[in-house]
Peer 1: 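My questions will all concern the structure given below.
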Amino acid sequence: MALRKRSVGVVAVIAAAGLGLAACGQSSSGGGGDTIELSIAQNAIQGGKNEAAAKFIADWVIPKFQDAQKAKGKDVTVKFVPSGVDDEQYKTKLSLDLKSGKGADVIDIDSIWAGEFAEAGYIKPLSEVAGAEADSWDGWSQIPEAVQGMAQFNGKRYALPVGTDGRVLYFNKTLFAKAGLPADWQPKSWQEVLDAGTKLKSSGVPVPIQINAGTAMGEATSMQGVLPLLAGAGGQVQQDGKWSGASQPLKDALGLYQKIYGGGLGDPKLQQEAKGRDKSFQQFADGKIGILMEGDYFWRGVVNPKTGVAKMADRDQVVGYAMIPAMEPGKGIRGQDFVSMSGGALRTVNPNTKHPKEAFELLTFMLSPEALKEETKDGNVRITPRADVNKEILAGEPLLSFVSEKVLPVTAYRPPVAAYPQVSVALQEATAAVVGGTAPDQAAADYQKKLEGIVGGAGNIAS
C-alpha cells in the first residue's frame, strides 16, 4: 500500500469526516445494558475499494467473533466502519479522530504511518493499551522477526502486521534461453545481473533490464528500485536515528543505475513517462523486457493468467524469479548475500477504546490461523505474517512460497517516520538525475542538500 504524495485540503478533510468513524466503544444507537460495543475501521468498502476485505469483515469476522465472545459469556457487538477513499484522505481522517480521542476501536494503518502516529501520540504500545497479553500472544512465535519489525517503533510493538510482501528479480525464461542464459538463473552480484543484461541485448531483447527510476513511478521507484539497491550496497535510508546522505552505498546504487541506463541496458524514456510502470508491465508480458525488479504483486496481480492487468497465459512456464543479490556476496545490509524490501499494513487498538481487552481479542482473532485461512481462500491468496499459515496456504503457490521462505528472512522496511515520504521523493529525483545523465556522485551530493532541508539540518545526517 504505497503512500500517495498529494496533500489533502480542508474540503477533502471535511468530505472524509462524512465517513463517520464511530467513537470508541459506542454505537450510533447508544447501546445499553452489559453489551460491549466495538468497531473496526479499514479503508475498504463493499462495491468499491478493497471490496474483498470489506466483505470478509462484514460476512465472516463480525459474526464469528461475536459468536466466540458469546461462548465466553460476553455480549459483544461489532460494527464495521468502511471507507473507500484515497490512502492519504483515509490517513487524514484517522489522524483527526485519534487526535480528538475518537475513532474505531480497531484500526488498519499503512506500516509507513506507524512511527508518525506514535510520535504524535495517536497510537501507543499494545502493552500499554491492552496489558501484558499483548506481549504474550501466542501468534508472535509464528511471525518472523523481520516482519515483526514492521509493527515496531523504538523497540516497542504498536500493532500487529496484517500482511507483507517482498521484492525479487523476475526474468523471461524464453528470452534467457535465446541469450544462452539458464532457466534457474540466480545472480550472486550486480555484475552478474549486468552480464545477463549484456547477453540479452546481444540477442536482440529491446529492454534487457528494467529497474524503476524517476519521479513518475513514485514510491515504486523507491521500493522496487533505489532502496533494494541501497540495501544491496550495505546501506539504509535511515539507521540508528540518523539519515544516510551522500554515502558510499547510495553512490554505488546510483552507479548501477548509470551502468544500466547509460549503457543501453534499460530504457531511459520509460522512466519519465506518466504511465511508465504500467507500460513496463505490458512490455514484460509481451516479451520485450528480459529482467524486471518488482514485488510479489507483479506475479499475483499483473501477469496473473486469469486476473492480471497484463495477463500471461504461459506465466508459470515462462516467468522465472530470483533473489535480489547484494552488490557482491556479503556486501548487503547485515552482511547479507541477498536483500529485499517489504511493505504492508498494520492493525492496532485505538488507545481511546473503552474496551481494550476485547479490542485486542478482536485484533488477534483477525490474525488467527482460522481467520487468515478464510480470508485468503477463493483466489485471494497472499503472504500473511504467519509462517504456520503461509506453509499451508502457499503450498500451491511457488512464487509466494519463495518470497515467504527465502525473501522475508532477509528483507528490510522503510523507516516509519513522518519525514520519509519527502525523503523518498528526493531519492526518486536522484535516480531521475542519473538516468538523465548526471554523474552518480553529483546526484548523491544534490540528494544530501535536499535531505538537510527535509530532516532539519546536517546534524541529523550520518557523516
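On a predicted model such as this, the values are computed, not experimentally measured, just so you know.
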Peer 1: Can you tell me how far CG of D59 sits from CD of Q46, rounded to the nearest 0.5 angstrom?
Peer 2: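 Atom-to-atom, Q46:CD and D59:CG are 5.5 Å apart.
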Peer 1: Is the W60 to F80 ring centre distance short of 6.0 Å?
Peer 2: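 No, too far apart.
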Peer 1: Is the distance between the ring centroids of F117 and Y158 under 6.0 Å?
Peer 2: no
Peer 1: Does any N or O in the side chain of S401 come within less than 3.5 Å of the main-chain N or O of L394, such that one atom is a donor and the other an acceptor?
Peer 2: yes
Peer 1: Hey, does the side chain of T164 reach the backbone of G343 with a donor-acceptor pair shorter than 3.5 angstrom?
Peer 2: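 Yes; at least one donor-acceptor contact below 3.5 Å.
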Peer 1: So, K91 and D110, do they make that salt bridge, N to O below 4.0 Å?
Peer 2: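 No salt bridge links K91 with D110.
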Peer 1: What distance do T376 atom OG1 and R382 atom CZ have between them, rounded to the nearest 0.5 Å?
Peer 2: 7.0 Å
Peer 1: Is the number of heavy atoms from other residues, nucleotides or ligands under 6.0 Å of K279 NZ greater than 12?
Peer 2: no
Peer 1: Could you report the tightest heavy-atom contact between M293 and L229, atom names first, then the distance?
Peer 2: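 In terms of heavy atoms, the two residues are closest at CE-CD2, 3.9 Å.
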Peer 1: side-chain contact (heavy atoms from CB on, under 4.5 Å) between K72 and E361: does it pass, once the steps are laid out?
Peer 2: CA-CA 12 Å; K72 292 181 180 180; E361 287 179 5; 3.6 Å; yes
Peer 1: For the backbone of D105 and the side chain of S39, can you confirm whether one donor and one acceptor N or O come within less than 3.5 Å of each other?
Peer 2: yes
Peer 1: Got a donor-acceptor contact below 3.5 angstrom from the S342 side chain to the D165 backbone?
Peer 2: yes
Peer 1: For V85, does its backbone N or O pair with a side-chain atom of K49 as donor and acceptor, under 3.5 Å?
Peer 2: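 Present.
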Peer 1: Please report the shortest heavy-atom distance between L346 and P161, naming the atom on each side.
Peer 2: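 Taking L346 first and P161 second, the nearest heavy atoms are CD2-CA, 3.8 Å.
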Peer 1: Walk me through whether N43 and D108 qualify under side-chain contact (heavy atoms from CB on, under 4.5 Å).
Peer 2: CA-CA 8 Å; N43 197 8; D108 273 33; over 6 Å; no
Peer 1: Using only atom types and a distance under 3.5 Å, with no angle test, would you say the side chain of Y257 pairs donor to acceptor with the backbone of V226?
Peer 2: yes
Peer 1: Of all the heavy-atom pairs spanning S111 and M150, show the shortest one and how long it is.
Peer 2: CB-CG, 3.4 Å
Peer 1: Under 4.0 Å between a Lys/Arg side-chain N and an Asp/Glu carboxylate O for R277 and E294?
Peer 2: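 Salt bridge between R277 and E294, a charged N being under 4.0 Å from a carboxylate O: yes.
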Peer 1: Can you tell me if N350 uses its side chain to pair, donor with acceptor, with the backbone of V106 under 3.5 Å?
Peer 2: no
Peer 1: If I take atom NZ from residue K55 and atom CD from residue E375, how far apart are they, to the nearest 0.5 angstrom?
Peer 2: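 So the NZ of K55 and the CD of E375 are separated by 13.5 Å.
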Peer 1: Closer than 4.0 angstrom, basic N to acidic O: yes or no for R300 and E397?
Peer 2: no
Peer 1: Assess R157 against W137: is NZ or CZ under 6.0 Å from the centre of the six-membered ring, and within 45 degrees of the ring's axis?
Peer 2: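 Cation-pi check for R157 and W137: fails.
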Peer 1: Where the side chain of T221 meets the backbone of G214, is there a donor-acceptor pair that is under 3.5 Å apart?
Peer 2: yes
Peer 1: Who are the side-chain contact (heavy atoms from CB on, under 4.5 Å) partners of N380, not counting sequence neighbours?
Peer 2: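 With neighbours one apart ignored, the set is A52.
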Peer 1: Quiz question: by atom type and distance under 3.5 Å, do the side chains of Q210 and N212 form a donor-acceptor pair?
Peer 2: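 N212 and Q210 do have a side-chain donor-acceptor pair below 3.5 Å.
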Peer 1: If you take all heavy atoms of V339 and G332, which pair is closest and at what distance?
Peer 2: CG1-CA, 4.2 Å
Peer 1: Please check if the side chain of K242 supplies one atom and the backbone of G459 the other of a donor-acceptor pair under 3.5 Å.
Peer 2: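 Yes.
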Peer 1: Does the T411 side chain pair with the main chain of L408, one donor and one acceptor, at a distance under 3.5 Å?
Peer 2: no
Peer 1: Around atom NZ of K251, are there more than 12 heavy atoms of other residues, nucleotides or ligands at under 6.0 Å?
Peer 2: yes
Peer 1: Given the rule in the side-chain contact (heavy atoms from CB on, under 4.5 Å) test, do V407 and R167 qualify, once you have shown the distances and angles that lead to the verdict?
Peer 2: CA-CA 8 Å; V407 175; R167 273 79 194 151; over 6 Å; no
Peer 1: Going from CG on L362 to CZ on R347, what distance comes out if it is rounded to the nearest 0.5 angstrom?
Peer 2: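 It comes to 8.5 Å.
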Peer 1: Between atom CD of Q152 and atom OH of Y413, what is the distance when rounded to the nearest 0.5 Å?
Peer 2: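 OH of Y413 is found 11.0 Å from CD of Q152.
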Peer 1: If we only count heavy atoms from C-beta on, is the F153 to V417 side-chain gap below 4.5 Å?
Peer 2: yes
Peer 1: Give me the atom names and distance for the closest heavy-atom approach of V129 to K124.
Peer 2: CG2-CB, 3.9 Å
Peer 1: Step by step, would you call W190 with D252 a side-chain contact (heavy atoms from CB on, under 4.5 Å)?
Peer 2: CA-CA 10 Å; W190 290 356; D252 290 335; 4.2 Å; yes
Peer 1: Do the non-hydrogen side-chain atoms of I112 and E219 ever get within less than 4.5 Å of each other?
Peer 2: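 They are not in contact (no side-chain heavy atoms under 4.5 Å apart), so the answer is no.
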Peer 1: Which pair of heavy atoms, one from A130 and one from A134, lies closest together, and at what distance?
Peer 2: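 Minimum heavy-atom separation between A130 and A134: CB-CB, 4.4 Å.
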Peer 1: First locate atom CH2 of W140, then atom CG of L160, and finally report the distance between them rounded to the nearest 0.5 Å.
Peer 2: 4.5 Å
Peer 1: Over 60° means perpendicular and under 30° means parallel, so tell me whether Y170 and F284 are parallel, tilted or perpendicular.
Peer 2: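 Rings of Y170 and F284: perpendicular, over 60°.
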Peer 1: S424 and S222: side-chain donor and acceptor closer than 3.5 Å?
Peer 2: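 Looking only at side-chain atoms, S222 and S424 do form a donor-acceptor pair, the distance falling under 3.5 Å.
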Peer 1: D446 vs K450, test: salt bridge (charged side-chain N to carboxylate O under 4.0 Å, His left out). Steps then yes/no.
Peer 2: CA-CA 7 Å; D446 293 343; K450 292 175 185 174; over 6 Å; no
Peer 1: Side chains of N390 and T384 only: does a donor on one sit below 3.5 Å from an acceptor on the other?
Peer 2: yes
